[in-house]
Amino acid sequence: MGLFGVQQWEPTETLAPNWNVAPTAPVHAVLERPLKGAAAEDLPPGGPARQLRALKWGLVPSWSKSPEAAAKMINARAETVHEKPSFRQAFATRRCLLPGDGYFEWVTDPAERQLEEQGKKKRPRKQPYFVTPADGSVMAMAGLYEFWRDRTLPGDHPLAWWVTCTVVTTEAETTPLAGAGGSGPQSLAEIHPRMPLVLTPDRWDAWLDPARTDPDEVRELLTPPPAGLMRAYPVPTGVSNVRNNGPELVTELDGPEVGTLF
């Protein structure tokens, strides 16, 4: 079904467009797991089925006593994800793709940063940028997902099980952005030192395959995509407030609203 070859999805999990996704918000994820019961009747028996699921952004490890740390577990570093206790098991067997049109990142104006360093300003203004595929396609960010059981609720309670996820990140590209030039940032590294690890379609099957459990083999998939696939442009500062949500937040501006930046 569609771009990601999804075999099963629940209409009840359909999410409305979200233009300003915040930690702990529900997001769509593509993953592979076996199906049970009536959901599996129309699919080949035995193997995993590719599913589109709604997960909560901010991973809660299965062994966690509470979900309070979810908002802090929105990212997992590609360099250490295979060894960190919070992500190690999910990295081995519970990997997913997190589709999106792009992501926001913020840049501090040099003049504002200088005031902060001088102790003259505690909250420097930042200019948001929207990073998106230059060809207008949907990006697929590498993700991990995990199940967490809320022991305060009975097993048949609809909220007894949480399914949460995190985005795998890597070092930001220092090579030129698509269409770079003028006075804006010339690379992703000039915007932020980290970036989501975007997987190209030729790696989707291997990344989603739950039978691929060897950490060293999976780590080979954690290489960034070819350079120059992304573009970045300044957007309204309204995106800095999570209460704002609408297509106007990804409006491309002629220049930054905060300072000169570059």
Side-chain angles (χ1 to χ4, degrees), residues 1-15 26-64 67 69-70 73-100 138-150 155 160-170 196-225:
M1 179 191 302
L3 176 63
F4 295 99
V6 170
Q7 298 169 288
Q8 198 270 347
W9 68 286
E10 290 292 339
T12 56
E13 293 190 354
T14 301
L15 301 177
V27 296
H28 275 134
V30 179
L31 55 87
E32 289 190 2
R33 287 183 63 80
L35 291 172
K36 299 179 180 179
E41 292 179 357
D42 297 329
L43 297 173
R50 187 163 297 185
Q51 308 171 42
L52 181 66
R53 299 287 304 274
L55 313 184
K56 185 172 292 191
W57 184 29
L59 189 140
V60 180
S62 59
W63 43 262
S64 181
M73 305 280 279
I74 59 174
N75 294 331
R77 296 175 69 92
E79 298 86 347
T80 57
V81 65
H82 64 289
E83 58 188 14
K84 293 293 184 180
S86 296
F87 305 123
R88 185 170 51 209
Q89 189 57 42
F91 179 70
T93 59
R94 287 181 287 278
R95 299 179 297 274
C96 63
L97 296 174
L98 300 170
V138 174
M139 65 167 60
M141 294 171 279
L144 310 176
Y145 69 98
E146 189 58 272
F147 294 91
W148 181 77
R149 172 73 163 88
D150 187 345
W161 285 96
W162 290 37
V163 191
T164 61
C165 63
T166 189
V167 177
V168 179
T169 67
T170 188
L197 180 64
V198 176
L199 296 178
T200 49
D202 59 299
R203 299 187 181 187
W204 293 353
D205 289 349
W207 178 255
L208 293 175
D209 185 1
R212 191 182 295 259
T213 59
D214 182 83
D216 292 333
E217 186 178 350
V218 177
R219 288 180 67 193
E220 293 178 359
L221 303 173
L222 295 177
T223 54

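All values derive from a computational prediction rather than experimental measurement.
To the nearest 0.5 Å, atoms OH (Tyr145) and CG (Leu59) are separated by 11.5 Å. From Thr93, atom OG1 reaches atom CZ of Arg33 across 8.0 Å, with rounding to the nearest 0.5 Å. To the nearest 0.5 Å, atoms CD (Gln51) and CZ (Phe4) are separated by 15.0 Å. To the nearest 0.5 Å, atoms OG1 (Thr169) and CG (Leu197) are separated by 8.5 Å. Between the OG atom in Ser86 and the CD atom in Glu146 there is a gap of 9.5 Å [rounded to 0.5 Å]. Distance CG/Asp214 to CG/Asp216: 5.0 Å, rounded to 0.5 Å.
Listed for the Arg95 side chain is a donor-acceptor partner under 3.5 Å among the backbone atoms of Ala92. Judged by distance alone, with hydrogens and angles left aside, the side-chain atoms of Trp57 form a donor-acceptor pair with the main-chain N or O of Ile74 at under 3.5 Å. A donor-acceptor contact shorter than 3.5 Å is absent between the side chain of Ser64 and the backbone of Pro61. In this structure, the side chain of Thr166 engages the main chain of Met73 through a donor-acceptor pair within 3.5 Å.
Between Arg50 and Asp209, no side-chain nitrogen of the basic residue sits less than 4.0 Å from a carboxylate oxygen of the acidic one, so the salt-bridge criterion is not met.
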* Run the side-chain contact (heavy atoms from CB on, under 4.5 Å) check on Asp205 and Trp207 step by step: do they pass? -> CA-CA 6 Å; Asp205 289 349; Trp207 178 255; over 6 Å; no
* Asked: Which is it for Leu222 and Val168 under the side-chain contact (heavy atoms from CB on, under 4.5 Å) test, yes or no, and what are the steps along the way?
  -> CA-CA 9 Å; Leu222 295 177; Val168 179; 4.2 Å; yes
* To do: Could you please spell out the steps behind the side-chain contact (heavy atoms from CB on, under 4.5 Å) verdict for Trp161 and Phe147?
  => CA-CA 7 Å; Trp161 285 96; Phe147 294 91; 4.0 Å; yes
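Across Leu31 and Arg53, no two heavy atoms sit closer than the pair CD2-CG, 4.0 Å. Taking every heavy atom of both residues into account, Val218 and Arg212 meet most closely at CG2-O, 3.5 Å. When all heavy atoms are compared, the tightest approach of Pro210 to Glu32 is CD-OE1, 3.7 Å. Among all heavy-atom pairs drawn from Val138 and Pro99, the shortest one is CG1-CB, 4.0 Å. The minimum heavy-atom distance between Trp204 and Ala140, with the atom names listed, is NE1-CB, 3.6 Å. The shortest non-hydrogen separation linking Val198 to Pro225 is O-CD, 3.3 Å.
For the pair Leu144/Cys165, no side-chain contact is recorded, criterion being any heavy-atom separation below 4.5 Å from C-beta on.
In terms of the side chain to side chain contact (heavy atoms under 4.5 Å, CB included) criterion, residue partners of Ala29 (sequence neighbours excluded) are, by chain and number, Leu55, Cys96, Leu98. For Thr223, the side chain to side chain donor-acceptor pair (under 3.5 Å) test picks out Arg203, with sequence neighbours left out.
Sequence neighbours left out, the pairs with a member in residues 75-89 that pass salt bridge (charged side-chain N to carboxylate O under 4.0 Å, His left out) are Glu79-Arg194.
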